[in-house]
**Q** 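Take this structure first; my questions come after.
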Amino acid sequence: MMKYYDRSRSICEWERLDEWRDKIRASLAGGETSRISPFHLLSLAGFSAAEQRQCADVWMAGRLAASAAERLELDFVFDRPPQTKIRLGYLSADFQEHATAYLLAETLEAHNRDRFELYAYSYGADDGGTMRQRLERCFDRFIDLGELSIADCAKTIYADRIDILIDLKGYTRGTRTEILTYRPAPVQVNYLGYPGTVGGDFCDYIITDNYVTPPASAGDYSEAFACMPGSYQPHGSDVAIGRSSNRAEQGLPAEGFVFCCFNQAYKIMPETFDLWCRLLHNTPGSVLWLLDNAKAKGRLRNEAYQRGISPERLVFAGEVSQSRHLARLSLADLVLDTAPYNAHTTASDALWVGVPLITCTGDTFASRVAGSLLRAVDLEELIAEDTTAYYALALELSNHPQRLAEIRHRLQQNRLSVALFDSASYTLHLEGLYQTMWDRHLAGEFPAAIGQVC
């Protein structure tokens, strides 16, 4: 079932969405294991954070049962004396040219090496690129787990005496989060790569903030909240922007308003696309600038045509380097967010180059990320509480250039002083959370909400 749903969502094939929702709910109600990846629920409208946790719990149940004997045989214990420094292990497949790497690199570089020792555990490809080389320099040790079994990966991490193991993948593509179910470290953390709970009982904390996960939502997460004072998401201030681009180079019209969304196609839901087409209809001469997807492009243009919009008003941006992407992004007038799976890296990138973003907030982690980022750049007025307000705000900004220009000027003037781009302060707060986690462990205390306003 999910193979066909995954294909459908990746090409914006929306005809069977209601059917998929019903099938997913029936599978969850029946406790069917290993059929529904929790990642799929993040972008499918109509599912609550509580249902996302249920899906994660069900997803892991069969895997936990299958490895129970092996995990019991290993039975890692942590009665060793504390080390001089807290040893952090970062686990990921994305130590390369990847959105997570771009977000995290400056924080890794800013870690206090007098207090922390950094280990990388990589199970992704080595692309040999500059980001990979940069990341390798961030760590005291960089370990390529290669094709090791899950159990052998866990043994490797345990042998290295990692104090806090930080998973950067969750249930995204290529994940080996199952390593954490073997408990190779005394404290284990869900951070950055996956905007939701991993379920089960193998992650102690989730790095978050009090906007993406309000205190009242704690029951929807298997992890205890470790709250940052600003946004949970890091973003450096030493981020190169390429040479200036122009509209002609990007295939954009010389005149007219440019609405933009560079989120992956699977995040676009028909309800959101309806609103976008209404905006195009009511903003003469405007275009919608989207990320190119060879399989979804034709369907999206056809969907626009079905809604009375000329397909040529959808302009598609090809894949380019990060610096060139940031340079072209500044040509957009307004970024339109998706729901229920928000822009994450694409949102903070837009804000970094000074382009306003509007979002419609929801009740799940993934649906509140853009709002968290807007709060961290002091633009809370661009957070809409529902789709009606989202549409009205976008229309107002597209038809009142002076107000939009004022917001854009404020963003560009403040970007070097707002919390979102202060990587040094961010790292200090993150290290404070790690220290508290470790202190609680040494004191024999169970994981509990820590950090700001939790």
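No hydrogens, no waters, no symmetry mates; every other heavy atom, side chains included, goes into these values.
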**Q** Mark yes or no: Arg278 above the aromatic ring of Tyr391, with NZ or CZ under 6.0 Å from the six-membered ring centre and no more than 45 degrees from the axis.
**A**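 Here Arg278 passes the 6.0 Å and 45° test against Tyr391.
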**Q** Is the gap between the ring centers of Phe95 and His98 under 6.0 Å?
**A**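 When the ring centroids of Phe95 and His98 are compared, they turn out to be at least 6.0 Å apart.
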**Q** Check whether Asp204 reaches the backbone of Gln188 with its side chain - one donor and one acceptor, N or O, closer than 3.5 Å.
**A** yes
**Q** When you look at CD of Glu319, are more than 12 heavy atoms from neighbouring residues, nucleotides or ligands closer to it than 6.0 Å?
**A** no
**Q** Would Glu431 and Gln435 satisfy side chain to side chain contact (heavy atoms under 4.5 Å, CB included), going step by step from the backbone distance to the final call?
**A** CA-CA 6 Å; Glu431 290 176 343; Gln435 184 69 59; over 6 Å; no
**Q** Does Thr175 form a side chain to side chain donor-acceptor pair (under 3.5 Å) with Thr172? I'd like the steps, not just the answer.
**A** CA-CA 6 Å; Thr175 179; Thr172 54; 5.7 Å; no
**Q** Take Leu42 and Tyr171, measure what side chain to side chain contact (heavy atoms under 4.5 Å, CB included) needs, and give me the verdict at the end.
**A** CA-CA 11 Å; Leu42 301 184; Tyr171 298 123; over 6 Å; no
**Q** So, for Trp289 and Phe316, is the gap between ring centers shorter than 6.0 Å?
**A** no
**Q** Determine whether the aromatic ring centres of residues Tyr123 and Tyr121 are separated by less than 6.0 angstrom.
**A**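 Ring centres of Tyr123 and Tyr121 not closer than 6.0 Å.
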**Q** To the nearest 0.5 Å, what is the distance between OH (Tyr341) and NZ (Lys267)?
**A** 5.0 Å
**Q** Nearest 0.5 Å, please: how far is CG in Leu314 from CD1 in Ile309?
**A** 9.0 Å
**Q** Taking only Lys NZ, Arg NE, NH1 and NH2, and the carboxylate oxygens of Asp or Glu, determine whether Arg132 and Asp94 approach each other closer than 4.0 Å.
**A**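 No, Arg132 and Asp94 are not salt-bridged.
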**Q** Within 45 degrees of the ring normal and closer than 6.0 Å to the centroid, is that where the cationic atom of Arg415 sits relative to Phe421?
**A**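 No - Arg415 does not lie over the ring of Phe421 by the 6.0 Å and 45° rule.
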**Q** Does the side chain of Asn190 come under 3.5 Å of the side chain of Glu223 through a donor N or O and an acceptor N or O?
**A**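 Result is yes, a qualifying pair exists.
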**Q** Please give me the minimum heavy-atom distance between Leu395 and Leu279, naming the atom from each residue.
**A** N-CD2, 3.6 Å
**Q** Distance under 6.0 Å and angle within 45° of the ring axis: does Arg25 meet both against Phe47?
**A**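 That pair qualifies as a cation-pi contact.
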**Q** Does a donor on one side chain sit under 3.5 Å from an acceptor on the other, for Asp349 and His235?
**A**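 Yes, because at least one side-chain N or O of Asp349 sits under 3.5 Å from a partner of the opposite role on His235.
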**Q** Ignoring hydrogens and geometry, is there a side-chain-to-backbone donor-acceptor pair from Ser231 to Gln233 under 3.5 Å?
**A** yes
**Q** Would Ser43 and Arg9 satisfy side chain to side chain donor-acceptor pair (under 3.5 Å), going step by step from the backbone distance to the final call?
**A** CA-CA 9 Å; Ser43 59; Arg9 75 186 192 124; 3.0 Å; yes
**Q** When you measure from the side chain of Gln133 to the backbone N and O of Gly128, does any donor-acceptor pair fall under 3.5 Å?
**A** yes
**Q** Walk me through whether Tyr5 and Tyr266 qualify under ring pair (Phe, Tyr, Trp, His ring centres under 6.0 Å).
**A** CA-CA 11 Å; Tyr5 168 66; Tyr266 72 82; 9.8 Å; no
**Q** Just how far is it from atom CG of Leu91 to atom CG of Asp167, taken to the nearest 0.5 Å?
**A** 5.0 Å
**Q** Does the structure place the NZ or CZ of Arg328 under 6.0 Å from the centre of the six-membered ring of Phe262, at an angle of no more than 45° from the ring's axis?
**A** yes
**Q** Taking all non-hydrogen atoms of both residues, which atom of Leu357 and which atom of Ala370 are closest, and how far apart?
**A** CD2-CB, 3.9 Å
**Q** Does the Lys NZ or Arg CZ of Arg63 fall within the cation-pi geometry relative to Trp59 - under 6.0 Å from the ring centre and within 45° of the axis?
**A** yes
**Q** Restricting to non-hydrogen atoms, name the atom on Pro340 and the atom on Met269 that form the minimum distance, rounded to 0.1 Å.
**A** CD-CG, 4.1 Å
**Q** Under the side chain to side chain donor-acceptor pair (under 3.5 Å) rule, what do Thr338 and Thr272 come out as? Steps first, then yes or no, please.
**A** CA-CA 7 Å; Thr338 49; Thr272 301; over 6 Å; no
**Q** So, for Tyr90 and Phe142, is the gap between ring centers shorter than 6.0 Å?
**A** no
**Q** Restricting to non-hydrogen atoms, name the atom on Gly371 and the atom on Asn342 that form the minimum distance, rounded to 0.1 Å.
**A**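 Closest pair (atom of Gly371, atom of Asn342, distance): N-OD1, 4.4 Å.
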**Q** Answer yes or no: is there an ion pair linking Arg410 with Glu381, defined by an N-O contact shorter than 4.0 Å?
**A**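 Salt bridge flag = yes for Glu381 with Arg410.
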**Q** Does the separation of the ring centres of Tyr434 and Tyr191 fall below 6.0 angstrom?
**A** no
**Q** Does Tyr221 have its ring centroid less than 6.0 Å away from the ring centroid of Tyr205?
**A** no
**Q** Taking atom CZ as the centre, does Arg324 end up with more than 12 heavy-atom neighbours from other residues, nucleotides or ligands that are less than 6.0 angstrom away?
**A** no
**Q** Using modelled atom types and a 3.5 Å cut-off, is there a donor and acceptor pairing between side-chain atoms of Asp333 and backbone atoms of Val258?
**A**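 Between the backbone of Val258 and the side chain of Asp333 there is a qualifying donor-acceptor contact (under 3.5 Å).
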**Q** Would one find more than 12 heavy atoms of other residues, nucleotides or ligands at under 6.0 Å from atom CD of Glu445?
**A** yes
**Q** Anything under 30° is parallel, anything over 60° is perpendicular, the rest tilted; go ahead and classify Tyr232 against Phe365.
**A**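 It falls in the perpendicular class, over 60°.
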**Q** Does atom CG of Asp152 have more than 12 heavy-atom neighbours, drawn from other residues, nucleotides or ligands, at distances under 6.0 Å?
**A** yes
**Q** Taking NZ, NE, NH1 and NH2 as the nitrogens, is one of them in Arg299 or Glu15 under 4.0 Å from a carboxylate oxygen of the other?
**A** yes
